[in-house]
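This report concerns only the one structure given below.
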Amino acid sequence: MTHPLLDLAPLTAAHFASIERRVAALLGTEQDVVVMQGEALLPLEGCIRGGAHPGSTALNVVTGPYGQTFGNWLRDCGANVVDLEVPFHTAVSADQVAQALADHPEIDFVSLVHAEAATGNTNPVAEIGEVVRAHGALFMVDAVASVAAEPLLVDAWGVDLCVIGAQKAMGGPAGVSAVSVSERAWERIAANPDAPRSSYLSLLDWKHRWIDGGRTTLPHAPAQLEMLALEACVERIEAEGAEVVMARHASAAAATRAGSLALGGGLAPYVHEARDAAPVATTLRAPAGVDARELVAAALAVDPSLPLIAGGGALAKEMIRVNHYGVDATCGVVQSCLAALGAALAGHGGTVDLEAARRTAGESWA
Ligand SMILES: *Cc1c(COP(=O)(O)O)cnc(C)c1O
């Protein structure tokens with residue numbers, strides 16, 4: 001008896017290459033796309049170690065926890081790091097980036113997170129791309145939480161290194177990721193003596209052993225389950241229509257925002273302005289004196305399948321994340337999350353209007 005997950009034919013090089021092309025189309029890029037067998041932190045670290053070196057200066061935009069991680073890697077590479085930190089309840093502006101570039105003309109690398117699922121904000125990559133391009137720095141974008149949730153136009157926006165993962169709005173598994181690499185980025189990485197070579201973190205290995213050879217021989221055995229899952233999630237997005245998938249995420253964010261305000265009980269959107277709020281996930285501020293972790297635990301006791309989680313690290317006490325991405329980007333899931341949070345707030349002595357939250361979310365969605 002064959003097993004659907006175990007008895008798979010080997011994945012051919014042609015099949016692997018076709019998955020790369022479909023991911024490239026999703027990203028709106030003609031650049032090389034390298035699909036990587038690992039969670040998105042693998043290509044993210046590969047990009048930074050490939051682009052940064054002692055003597056280089058990086059502008060690291062910090063709008064959430066991933067930006068902090070990138071800063072640590074950049075410093076570890078010996079780069080001078082200019083951290084541009086903005087409060088987690090807002091987004092960075094192109095003007096702020098332009099000012100930082102003007103203050104530090106030596107900047108040759110810019111790292112930015114497009115959308116942050118962990119803080120619920122999204123940054124204006126198109127406008128930032130313009131100022132980075134004018135300055136001439138290499139532009140790396142972490143688009144793990146934005147891909148399939150909101151427009152992502154890698155070539156039109158001048159992104160040199162764009163990293164995605166399948167596990168958020170794409171509705172796929174963690175464990176497979178991809179990065180697009182511009183011609184400029186290949187040149188810069190090749191010229192960096194400290195860029196990883198003969199290493200799992202090496203983008204250059206993929207270029208030399210896979211791309212330059214015409215994508216005929218894979219450097220190592222492809223992780224079949226992850227590759228087939230990535231292909232299936234791209235196929236599902238193509239079938240539904242990328243625009244439709246993105247519209248579902250935008251509606252989920254708007255409905256969660258409006259519904260949480262209608263619910264009352266002291267719950268409030270964590271990101272102040274709706275235009276700065278990410279379509280992938282909505283963060284909410286717990287009412288004063290209420291621990292977000294207790295609220296989430298009480299809400300999950302109502303329905304453990306809901307995509308609710310307390311914020312990470314220092315945000316754990318005050319932030320609730322509604323992860324309305326992938327198959328959870330539906331009106332029903334949003335309404336159920338609000339109902340469960342409402343019940344939890346009522347249990348903490350809060351005054352909530354469950355019906356207003358349900359109705360407002362539904363009207364916002366429509
Ligand atoms: C989710 C996410 C990643 C991937 O990290 P995991 O926590 O392992 O899912 C990377 N960058 C951003 C901005 C993300 O939101």
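When a ligand or atom number is given, it counts from 1 through the structure's own listing order. If you're wondering where the values come from, they're calculated on a predicted model, not measured in any experiment. Atoms considered below: every heavy atom in the structure, side chains included; atoms not considered: hydrogens, waters and symmetry mates. Start at 1 with the first residue, then count along the sequence.
- Contact check on Asp291 versus Lys317 returns no salt bridge, with no Lys/Arg side-chain nitrogen under 4.0 Å from an Asp/Glu carboxylate oxygen.
- Counting the atoms of ligand 1 from 1 in the order shown, those under 4.0 Å from a heavy atom of Val113 are 13 (C).
- Considering only residues two or more places apart in sequence or on other chains, Arg21 meets the side chain to side chain contact (heavy atoms under 4.5 Å, CB included) condition with Ala17, Ser18.
- Below 3.5 Å of separation, one finds no N or O of Glu116 facing any N or O of ligand 1.
- Per-residue contacts place Ala117 under 4.0 angstrom from the following atoms of ligand 1 (heavy atoms of the residue considered): 15 (O).
- Contact check on Glu240 versus Arg236 returns no salt bridge, with no Lys/Arg side-chain nitrogen under 4.0 Å from an Asp/Glu carboxylate oxygen.
- Within ligand 1, counting atoms from 1 as listed, the ones closer than 4.0 Å to a heavy atom of Ala145 are 15 (O).
- Note that the CD atom of Glu20 and the CG atom of Leu230 stand 10.0 Å from one another [nearest 0.5 Å].
- The shortest contact between atom 4 (C) of ligand 1 and any protein heavy atom is with Glu39 OE2, 3.0 Å.
- Among protein heavy atoms, atom 7 (O) of ligand 1 sits closest to Tyr66 OH, 2.5 Å.
- With a heavy-atom cut-off of 4.0 Å, His114 does not touch ligand 1 at all.
- Nearest to atom 14 (C) of ligand 1 among the protein's heavy atoms is Lys168 NZ, 2.9 Å.
- When the options Asp142, Thr119, Thr63 are ranked by their closest heavy atom to atom 11 (N) of ligand 1, first place goes to Asp142.
- Checked by atom type and distance alone, the side chain of Arg285 never pairs as donor or acceptor with a backbone atom of Glu318 at under 3.5 Å.
- Using a non-hydrogen distance threshold of 4.0 Å, Ala115 registers as a contact of ligand 1.
- Contact annotation for Ala118 and ligand 1: no heavy atom of the residue comes within less than 4.0 Å of the ligand.
- In this structure, a donor-acceptor pair under 3.5 Å is absent between the side chains of Thr57 and His104.
- Remark: Glu294 pairs with no residue by the salt bridge (Lys or Arg N to Asp or Glu O under 4.0 Å) rule, at least two apart or across chains.
- Counting heavy atoms from C-beta outward, Ile164 and Leu152 have side chains that approach closer than 4.5 Å.
- At the shortest separation from atom 9 (O) of ligand 1 among protein heavy atoms lies Gln167 NE2, 3.1 Å.
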